[in-house]
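Residue numbers start from 1 in every chain, and the chains themselves are labelled A, B, ... in the order their sequence lines are given, proteins ahead of strands.
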Amino acid sequence: MSLPPVQSSLNVEFFRRGPAEVARGLLGCGVAHRVDGRWLGGWIVETEAYLAQDDPASHSSRGLTAGNASMFGAPGTLYVYPIHAKHCMNLVTEDSGIGSAVLIRAIEPVWGMEQMQQNRGTTNHRRITSGPGMICHAMQIQRDCDGVEVLRSNDWRLTLGRDLRARIITSPRVGIRHAAELPLRFFVDGNRYVSGLAGLHNRPRRDEIGPANAHGTAHL
DNA sequence: TTGCTGATACACT
DNA sequence: GTGTATCAGCAAA
């Protein structure tokens with residue numbers, strides 16, 4: 001498979017909903033980025049929602065700045081931010097000026113496998129896109145992608161995928177310091193490409209959350 | 001035992 | 001306010 005399907009593309013109404021709803025809806029959807037005429041991407045298997053208000057973990061909680069301006073853009077806008085010399089990608093939800101978004105944490109790599117393996121420097125499929133930093137590395141998403149409206153760009157493709165609602169697990173978000181208890185992480189049950197508890201800063205106590213999918217609430 | 005990852009932390013402008 | 005590197009813990013070997 002060299003090209004993502006073009007039928008059933010996501011539209012702006014899909015992203016005009018709340019971030020938690022969009023985060024769950026994105027699971028199973030396809031995302032692809034065209035670089036030098038080559039499509040890179042796969043199926044989304046893990047997401048996290050970041051709210052506009054009452055969410056200290058969200059970048060928008062500090063208000064609009066030059067660095068997070070894209071997070072206040074139109075629904076479907078790409079918000080790419082740097083962290084630990086890497087990047088993470090988010091998709092803006094609700095509406096312009098709101099400041100909510102969905103972080104793409106893991107995808108199942110499908111398109112442009114050879115190029116993504118080369119970018120990542122590994123042929124281990126589970127080490128290509130099983131983390132937000134890895135996704136950006138593999139799909140060549142950098143700061144210059146920040147602010148791109150993916151629904152209008154010819155170099156981006158977002159498509160509907162399988163209906164996975166019955167297989168979606170909800171759990172606390174990973175690797176955040178603030179509001180770590182909110183169940184705003186969503187992932188596909190049993191998918192091998194879902195990231196581990198990679199968050200390292202002040203991770204939630206084990207006795208609180210247990211193994212990633214043992215304490216999760218299916219179909220919240 | 002080693003390598004890799006990451007909604008943080010801090011120095012600089 | 002902005003840009004960018006740390007280091008503790010997980011996964012692989």
Side-chain angles (χ1 to χ4, degrees), chain A residues 19-20 22-23 26 44-73 77-94 98-107 109 116-147 170-187 190-215:
Chain A
V22 173
L26 279 172
I44 298 171
V45 297
E46 182 181 355
T47 59
E48 284 181 358
Y50 286 87
L51 312 181
Q53 299 174 337
D54 300 323
D55 185 1
S58 173
H59 287 182
S60 60
S61 68
R62 295 191 292 267
L64 176 64
T65 69
N68 67 12
S70 299
M71 200 169 173
F72 293 86
T77 297
L78 202 55
Y79 169 47
V80 178
Y81 69 91
I83 183 169
H84 303 304
K86 304 180 182 67
H87 290 87
C88 297
M89 67 172 289
N90 301 251
L91 291 165
V92 176
T93 60
E94 296 186 88
I98 299 293
S100 64
V102 172
L103 169 70
I104 310 299
R105 280 197 59 86
I107 69 174
M116 291 197 293
Q117 287 174 354
Q118 185 176 327
N119 291 343
R120 292 284 299 120
T122 178
T123 56
N124 182 342
H125 292 190
R126 298 177 66 181
R127 305 284 296 174
I128 296 175
T129 52
S130 297
M134 298 188 218
I135 290 175
C136 290
H137 192 189
M139 292 176 64
Q140 296 180 229
I141 300 166
Q142 297 175 350
R143 190 65 164 160
D144 58 357
C145 295
D146 182 53
T170 304
S171 79
R173 293 175 292 188
V174 173
I176 60 172
R177 181 165 298 241
H178 307 290
E181 74 285 358
L182 296 177
L184 293 173
R185 174 186 180 224
F186 307 93
F187 60 93
N191 189 285
R192 63 190 296 232
Y193 298 100
V194 169
S195 73
L197 284 177
L200 304 174
H201 303 287
N202 191 32
R203 62 213 56 71
R205 290 194 295 278
R206 281 198 152 205
D207 55 359
E208 283 185 346
I209 67 168
N213 55 4
H215 196 71

TODO: Measure from the side chain of A/P132, starting at C-beta and using heavy atoms only, and say which of B/dT8, B/dA7, B/dT5 lies closest.
DONE: B/dA7
Task: Shortest non-hydrogen contact between A/I98 and A/E94, atoms and distance - done: CG2-OE2, 3.5 Å
Task: Any strand: nucleotide that pairs with B/dA7 via Watson-Crick or wobble, under 3.5 Å - done: none
Task: Candidate nucleotides C/dA5, C/dT2, B/dC4, ranked by approach to the side chain of A/R127 - the nearest - done: B/dC4
Task: Closest contact, heavy atoms only, A/S60 versus A/F72 - done: CB-CZ, 3.5 Å
Open item on the list: If stacking means aromatic ring centre less than 5.5 angstrom from the base's six-membered ring centre, planes under 30°, is A/Y81 stacked on B/dA7?
Closed with: yes
Open item on the list: Whole angstroms only, please: what is the CG-P distance between A/D55 and B/dA7?
Closed with: 14 Å
Open item on the list: Using whole Å, what does the distance between atom P of nucleotide B/dG6 and atom CD of A/E48 come to?
Closed with: 11 Å
Open item on the list: Measure CD1/A/I83 against C1'/B/dG6 and give the value in whole Å, please.
Closed with: 5 Å
Open item on the list: Once hydrogens and angles are ignored, does a donor-acceptor distance under 3.5 Å link the base of C/dT6 to the side chain of A/H84?
Closed with: yes
Open item on the list: If you compare every side-chain N and O of A/R105 against the phosphate oxygens of B/dG6 (OP1, OP2), does one of them come in below 4.0 Å?
Closed with: no
Task: Whole-Å C1' distance, C/dA11 and B/dA7 - done: 22 Å
Task: Distance in angstrom units between A/I135 CD1 and B/dT5 P, rounded - done: 13 Å
- [ ] Measure from the side chain of A/K86, starting at C-beta and using heavy atoms only, and say which of C/dA5, B/dG6, B/dA7 lies closest.
- [x] B/dG6
Task: For atom CD1 of A/I176 and atom C1' of B/dA9, their distance in whole Å - done: 16 Å
TODO: Give, for atom CG of A/L184 and atom OG1 of A/T170, the distance between the pair rounded to the nearest 0.5 Å.
DONE: 9.0 Å
- [ ] Kindly point out which of C/dT2, C/dT4, B/dA7 is positioned nearest to the side chain of A/M71?
- [x] B/dA7
Open item on the list: On the side chain of A/N124, is there an atom forming a donor-acceptor pair with the base of C/dA12 - under 3.5 Å, no angle test?
Closed with: no
Task: Nearest-neighbour nucleotide for the A/P82 side chain, B/dA9, C/dT4, B/dC4 considered - done: C/dT4
- [ ] List the atom of A/Y79, the atom of A/G67, and the distance in Å for their closest heavy-atom pair.
- [x] CE1-O, 3.6 Å
Task: Length of the NE2-C1' vector between A/H87 and C/dG3, whole Å - done: 10 Å
Open item on the list: Taking 4.0 Å as the cut-off, does a side-chain nitrogen or oxygen of A/T65 come that near to OP1 or OP2 on C/dT2?
Closed with: yes
- [ ] Identify the two heavy atoms, one from A/R143 and one from A/Y81, that lie closest to each other, and give their separation to 0.1 Å.
- [x] NH1-CA, 3.7 Å
Open item on the list: In whole Å, I'd like the distance from the CZ atom of A/R173 to the P atom of B/dT8.
Closed with: 10 Å
- [ ] Please report the shortest heavy-atom distance between A/L91 and A/I104, naming the atom on each side.
- [x] CD1-CD1, 4.2 Å
Task: Nucleotide C/dC10, atom C1' - distance to CE of A/M134 in whole Å - done: 11 Å
Open item on the list: Taking 4.0 Å as the cut-off, does a side-chain nitrogen or oxygen of A/R120 come that near to OP1 or OP2 on B/dC4?
Closed with: no
